[in-house]
Amino acid sequence: MTAHGPVLPIWTCAGCGAPWPCPTRKRELLAEFDKAPVSLAIYMGSYLVWAAEDLVWVPAGGLHQRFVGWVR
């Protein structure tokens with residue numbers, strides 16, 4: 001279990017206070033989904049949909065980059 005989970009509804013990192021997913025959580029997720037990048041994209045896509053409900057003031061492109069755009 002990671003200490004870098006999201007603090008809802010503001011979507012900051014519980015571990016470091018950065019916007020979630022923070023750089024540490026991204027590294028953890030890349031390691032967890034090392035051989036399954038499509039599964040990681042789907043997983044993060046579900047977080048994107050969830051976050052979009054809370055972060056209505058953030059442009060869609062910004063949310064996409066934050067939650068899915070970094071996935072290989």
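In this chain, residues are counted from 1 in sequence order.
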If hydrophobic clusters are built from ILVMFWY residues whose side chains come within less than 4.5 Å, do [X] and [Y] share one?
{"X": "W20", "Y": "I42", "value": "no"}
{"X": "W57", "Y": "L8", "value": "yes"}
{"X": "V58", "Y": "V56", "value": "yes"}

Using the ring centroid of each side chain, check whether F67 and W50 are separated by less than 6.0 Å. no
For L48 and H64, which heavy atoms make the closest approach, and how far apart are they? CD1-N, 3.9 Å
Can you check whether [X] reaches [Y] side chain to side chain, under 4.5 Å on heavy atoms?
{"X": "D54", "Y": "W11", "answer": "yes"}
{"X": "L29", "Y": "Y43", "answer": "yes"}
{"X": "F33", "Y": "V38", "answer": "no"}
{"X": "P21", "Y": "H4", "answer": "no"}

Would you compute the distance between atom [atom1] of [X] and atom [atom2] of [Y] and round it to the nearest 0.5 angstrom?
{"X": "L40", "Y": "W70", "atom1": "CG", "atom2": "CH2", "result": "4.5 Å"}
{"X": "K26", "Y": "C13", "atom1": "NZ", "atom2": "SG", "result": "11.5 Å"}
{"X": "C22", "Y": "E28", "atom1": "SG", "atom2": "CD", "result": "7.0 Å"}
{"X": "R27", "Y": "T2", "atom1": "CZ", "atom2": "OG1", "result": "10.5 Å"}

Presence of salt bridge, R25 and E32, under 4.0 angstrom: yes
